[in-house]
Structures are given as C-alpha cells and as structure tokens.
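For reference, the structure I am asking about is given below.
Hydrogens, waters and symmetry mates are skipped; everything else that's a heavy atom, side chains included, is used. This structure is a prediction, so every number in the text was calculated from the model and none was measured.
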Amino acid sequence: MKRPNLWICGFVALLLAAGLGCNLTAPFLSPTPEVTPTPPPTPTALVPGMTPLEYPVGGYDLAYPAGWVAALQQGAIILSPSQDVADTMDWTSGALMIVLSGRPEEVFATTPEEEQTAAALLESTLEGFRSQEDAEIGEVETRRFDRQEGVGVLLGWTEMGISLKGYLAAYVDEEIVALMLAASPADQWEAVWPQVDAVLASAVFYAPHEATPEKRGNLQRDVPAEAALNIGGVDEWTYCSPGDEYVTIDVAARGDWDPFLEVLNPAGDSIASDDDSGGEFNPRIFGLHLTGSGCYTLRVSAYEGYGAYEIALRTSEPPGGTISYGKTVESDLAQGERENWTFEGQAGDGVRISMVGSGELADTSLELFGPEDTLLISDDESGEGSFALIAGYMLPRTGTYRIVAQSYSGESGPYTLSLEQVTLTVQSIAYGKTLSGTLTADSPYGYWTFAGTEGDPVTISMVGAGGMDTYLELYGPDGTMLIADDDSGGDYAALIADYALPQTGVYRIVGRSLSVPGPYTLSLKKK
C-alpha cells in the first residue's frame, strides 16, 4: 500500500479560502463523542448495482457503484473505480471521490453564525479554487441527496498539464457538515458523472457517532485470533498478565490495508504503540515489558483502510540488559524489536544517552522511562545523521530507569548504546524574574529551580528567538512531572499559565527546544 498525502494539491487549494486548508483534518476527521447521537436513518432502496457503505463515525451512509473500491484514509472516505487511483490519490490518472465530514461546532468554530450554511461553505471554498490553472466554475445549484438538500457546482481546471472535470457538493445542518469532491480527467468525465451523481443521490447525513470499541474478548499466549475491523472502528482485545514478563504482539492485515496497534495498561494508560514495524505496513510491538499483573488492553485500529486481520501475542526473552554510567554496550535489533536497558540513577543526575546503528539500522530511536515506568523523554534524530541522542537530561528522582532502544522505522541491525553522567548547570529563579540564555546542540536543555508555596498560582513562559519552538516541563518537590506545555504561548512559545502548586517546596523547571536550539527568555510569575 502506498502512503499518499490525503490533501492532493488541487483539493487543498479548494479549501484554502474557507480558512480550513490542511487544518481541515482536525475538525472534519475527528468527530467528538460528547453529543449523544441519534440512530442513523433507515436507508432507502438501493439503485441496482450499488454497494451500500455505512459510516456512523463520519455521520453518513451512501452507496457506490459495483466494481468501485472504498477506502478509509485518515478519516476520509475515498471512492474510485481503480485501486491504484485510490492508493495514489491522483485524479489525473482516473476518477476519484473524497467525502469529508464533521460536527458544525468544530468546523465552524470561528465562523459567524450567518455564514454557517452549505452555500456559504461552498462559496468560501470556491474562492480558493479560482486560483487554479484554467479554473472553470459552473452555476451553483441545489443538490438533492437521498432525502436532504445541499448545494453543488460543476468545476474544471488543469493539473500537471491534464485537463480535469469535477463536482463539489456541500451539506450543512445543525448536526453535521459534509463536503464531497469528485473529479476525473476531462475525457472521462462524461462516463464518470452518472456514477458520481448516483453516489450523491444515495447519501444520507446524520450526527456523527462515537467510535465505540468493539470488545473482541481475551487473547491467550501463542494462540492467534482473527477478526475484521469495521470501517472507522476500533477493536479491543484483553490480555491478562501475571506481571514482570516480556511479550511480542503482531497484527497482520488480510488484504491491502494498514492497521495500527496500541497497548494500554490496567490503569488505562497507553504504554506502547506501533504502525509498521512488522513489515508491509503491519504493526509489531517487540519485547514489551508488562511490569504489573492485571489485564492489559490491545487496541487495533487503522491508519488507512479496514478489514480482516490476525492478532497474536507471545512471550519473549527480556531484550537488552543493564548498563551503568560510563559504559557502552553493543547489541543487535531484530525487525521491529525494542530492547530495554536499565540503570540506577539519583535525583539530579545529568545523563547523556546515545544510540548509533550500523548497516541497515540507519535511523534509531530512544525512550527513557522513570522509576514508576512513565515515559520521561524520547528522541529520534538529535545525534549525527538520523541517530538518537538524549543529551544532558536531569533525572527527576532516585531509582531504576529504563532505556528503550529501537529503530524509528522498524529496521534491523547492530547498534551501540552509550550512557554517560554529565554535569548540568542549574539556575535559580524567583517570582517576577526573567532570565535569558542560549540552548545549543551540546546543551539542549535549561534547568531552573524556585521555592514555591502550596496554592501559589504560577505562570512560566519560555520564548525562543527567531520562532524557536520551545517546550516546558514543571517538576514537583518529589521529582514528579506535574505539567508540560509546547505552544500555548503562541508562535511556538511554551506557556504554563496559572498553575496552582500542589505543595510547599523546591520546584524544578526544564526547558528545551523542539526545533533548532538558540537564544531564549524564561520568565516566572506568581499571579
């Protein structure tokens, strides 16, 4: 399966004037579950030769011509007579139809109420389309769906030197917003249009439903199980572990679709996820350490598509071992493997961890977990090339830490892992003060401490020069991370605003850059 960008250049241009552009993926493709949905209406009789497709998560049902394929890609429904066209999302090579939907309160979050209509949405979208080469726009017409009315318009334009014809339709009511675009090379449109018209005429819209997980039952070690993921669905399997064991979990798709796997611990926290480490777009979580006894949830969803799959869990030998300050270990990753290395650390220790691969292992990844097995920090390519490096991180508490060494993209090969203790500079800061400094590749983190009293409302701001993307973490007197922020200050500036301190003691601020490091200012205020 190929990995196209969902937003083909022509369609992106169509959406720009609506103020949506590529950001359309958020409101249109992530229906919120807070509204209790009404049952979808009973569809009317199908036109002979049409295949029904029900998509409650998207808030619509429709039918498409026999012989066409239907694909789910990042929440959008893709329809085409050709699997290759559906995979590549290239309507210069054939007919293609895209259906997007979402809740009005999300799609129109910043739109005046009087403009929250299908006609207004269509018109604002067409403003972006007018910049297309050889853009042609027909007369806007009332568009009849199965039992509801919206608006639609015929379009023409040129892309990559190929003349295209298409049709854009919009539907809006108090429960759902839908946008549908179909296109094909102009010389195919006369044959394609009756089929597109039939799809539109079959569509029924209703409030998007929450994707309720399908409970698939208990999973046993070394006993594969099979199921079929519904379109837009989520399957949940349960595995009850005695604790302190390592397991490997594989999901293998049956057919051309791309599953995604996530593991939740008994408390419901996500502890591992994977997309493609098993090869051929199949997920594999290799050597996962299940620390405590209890029932874990294995959640299967889709990055693209849907369909039948097999899931299997087996126990594995503890990959990795122990490492200590000043040591370098050598090991070899199997495809999709995660190796765990533990070390003892003291609160306030500065550590530098590097992972360098060789051969096919050209892109490494590191994760550092704390004594309570919570993820503290991760890195993909801060080292040379695409190798992982956690440079100058301060341990928040005393205990056993775990390093997870893996490939970023699932490759196999030998690697070296190094752990060093380094000296870090810690500055003190008081309420009402602002400090300046510079982050560098060798010193990518900043550390500050301050004395706080229980209940103090504190605001911490870190602003980078030149649009540097700053990130803040606040740790309590016991070394527990309390809150973190990336961009709440606007323009990629980190901001922790009006946070009430939970106890009296010395707090620690950690600041870093998520982009190229550089100059910054850090301020601390008490409201």
Side-chain angles (χ1 to χ4, degrees), residues 3 246-251 258-263 269-291 303 316 318-323 327-343 345 351-370 373-393 395 401-420 441 444-445 469 471 473 481 484 486 510 512-517:
R3 281 295 184 80
Y246 290 84
V247 299
T248 294
I249 310 164
D250 284 284
V251 174
D258 187 353
F260 184 84
L261 175 64
E262 182 181 23
V263 180
D269 302 318
S270 177
I271 58 173
S273 62
D274 188 72
D275 183 15
D276 296 332
S277 293
E280 298 184 354
F281 299 111
N282 288 317
R284 167 182 287 174
I285 296 177
F286 197 111
L288 176 63
H289 188 199
L290 305 183
T291 57
Y303 181 87
S316 54
T322 61
I323 189 172
K327 298 296 184 180
T328 295
V329 295
E330 297 181 354
S331 190
D332 203 321
L333 283 178
Q335 185 181 45
E337 186 175 14
R338 296 159 50 96
E339 291 197 334
N340 296 266
W341 300 90
T342 59
F343 68 95
V351 298
R352 184 182 191 274
I353 310 167
S354 68
M355 181 184 179
V356 178
S358 60
E360 295 183 359
L361 185 55
D363 192 353
T364 60
S365 176
L366 285 170
E367 296 175 335
L368 178 63
F369 289 80
D373 214 41
T374 55
L375 178 63
L376 299 177
I377 189 170
S378 61
D379 184 77
D380 169 24
E381 52 186 18
S382 294
E384 294 185 7
S386 296
F387 294 134
L389 172 67
I390 295 174
Y393 182 77
L395 303 184
Y401 288 78
R402 180 166 60 94
I403 302 166
V404 176
Q406 59 190 317
S407 164
Y408 181 77
S409 303
E411 297 94 348
S412 60
Y415 72 91
T416 58
L417 179 77
S418 299
L419 173 64
E420 301 174 52
Y445 304 92
D469 187 0
Y471 186 85
E473 298 171 338
M481 190 178 78
D486 181 10
V510 179
R512 57 187 168 114
S513 171
L514 298 182
S515 57
V516 178

Check: Is the closest side-chain heavy-atom distance between Leu417 and Leu366 below 4.5 Å?
Finding: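 The answer is yes, as the side chains (C-beta and beyond) meet within the 4.5 Å cut-off.
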Margin query: Are Ser277 and Ile285 packed together at the side-chain level, in the sense that at least one heavy-atom pair is separated by less than 4.5 angstrom?
Written below: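 A side-chain contact under 4.5 Å is absent here.
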Item checked: Pairs touching residues 356-365 that satisfy side chain to side chain donor-acceptor pair (under 3.5 Å), sequence neighbours left out ->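 Residue pairs with at least one partner in residues 356-365: there are none.
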Check: Rounded to the nearest 0.5 Å, how far does CD1 of Ile377 lie from CG of Leu395?
Finding: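 Separation between the atoms: 10.5 Å.
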Check: How many angstroms lie between atom CG of Leu290 and atom CD1 of Ile271, to the nearest 0.5 angstrom?
Finding: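 One gets 5.5 Å once the value is rounded to the nearest 0.5 Å.
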Check: What class does the angle between the rings of Tyr401 and Phe343 fall in, given that below 30° is parallel, 30 to 60° is tilted and above 60° is perpendicular?
Finding: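 Parallel, since the angle between the ring planes stays under 30°.
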Next item on the list: Report the distance from atom CZ of Phe286 to atom CZ of Arg338, rounding to the nearest 0.5 Å.
Entry: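 Phe286 atom CZ to Arg338 atom CZ measures 11.5 Å (nearest 0.5 Å).
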Notebook entry, point to check: Can you tell which of Asp373, Thr291, Thr342 makes a side-chain hydrogen bond (donor to acceptor under 3.5 Å, both in side chains) with Arg402?
Noted result: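 Only one of Asp373, Thr291, Thr342 forms a side-chain hydrogen bond (donor to acceptor under 3.5 Å, both in side chains) with Arg402, namely Asp373.
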Notebook entry, point to check: Under 3.5 Å, is there a donor-acceptor pair between the side chain of Asp379 and the main chain of Ile353?
Noted result: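 Absent.
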Checklist line | Non-hydrogen atoms of Ala391 and Pro444 that approach each other most closely | finding: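 Residues Ala391 and Pro444, closest heavy atoms: O-CG, 3.3 Å.
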Check: Angle class for the His289/Tyr246 ring planes (parallel below 30°, perpendicular above 60°, tilted otherwise)?
Finding: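 His289 and Tyr246: parallel rings.
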Notebook entry, point to check: What are the two closest non-hydrogen atoms of Glu367 and Ser378, and how far apart are they?
Noted result: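 It is CG-CB, 4.0 Å.
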Next item on the list: Might you point out which heavy atoms bring Ala272 and Leu288 nearest each other, and give the distance in Å?
Entry: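 Taking Ala272 first and Leu288 second, the nearest heavy atoms are CB-CD1, 3.8 Å.
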Note to self: Can you tell me how far apart CG (Asp332) and CD (Glu339) are? Round to the nearest 0.5 Å.
What the structure shows: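 If I round to the nearest 0.5 Å, the distance is 8.0 Å.
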Margin query: Is there a side-chain contact between Gln406 and Met355 in this structure, where contact means two heavy atoms from C-beta onward sitting under 4.5 Å apart?
Written below: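 Sidechains of Met355 and Gln406: no contact.
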Checklist line | Which atom of Phe369 lies closest to which atom of Leu375, heavy atoms considered | finding: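 Answer, listing the atom of Phe369 first, then Leu375: CD2-N, 3.5 Å.
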Item checked: Where Ser331 and Trp341 come nearest, the two heavy atoms and their spacing ->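 Nearest heavy atoms, Ser331 then Trp341: CB-CZ2, 3.9 Å.
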Notebook entry, point to check: Once you round to the nearest 0.5 Å, how far does CG of Leu419 lie from OG1 of Thr328?
Noted result: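 That separation rounds to 9.0 Å.
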Notebook entry, point to check: Where do Ser407 and Leu361 come nearest, in terms of heavy atoms and distance?
Noted result: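 Closest pair (atom of Ser407, atom of Leu361, distance): CB-CD1, 3.5 Å.
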Item checked: Stepwise side-chain contact (heavy atoms from CB on, under 4.5 Å) test for Leu261 and Arg284 -> CA-CA 8 Å; Leu261 175 64; Arg284 167 182 287 174; over 6 Å; no
Check: When rounded to the nearest 0.5 angstrom, what is the spacing between OG1 in Thr374 and CG in Leu368?
Finding: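 Going from the OG1 atom of Thr374 to the CG atom of Leu368 covers 9.5 Å.
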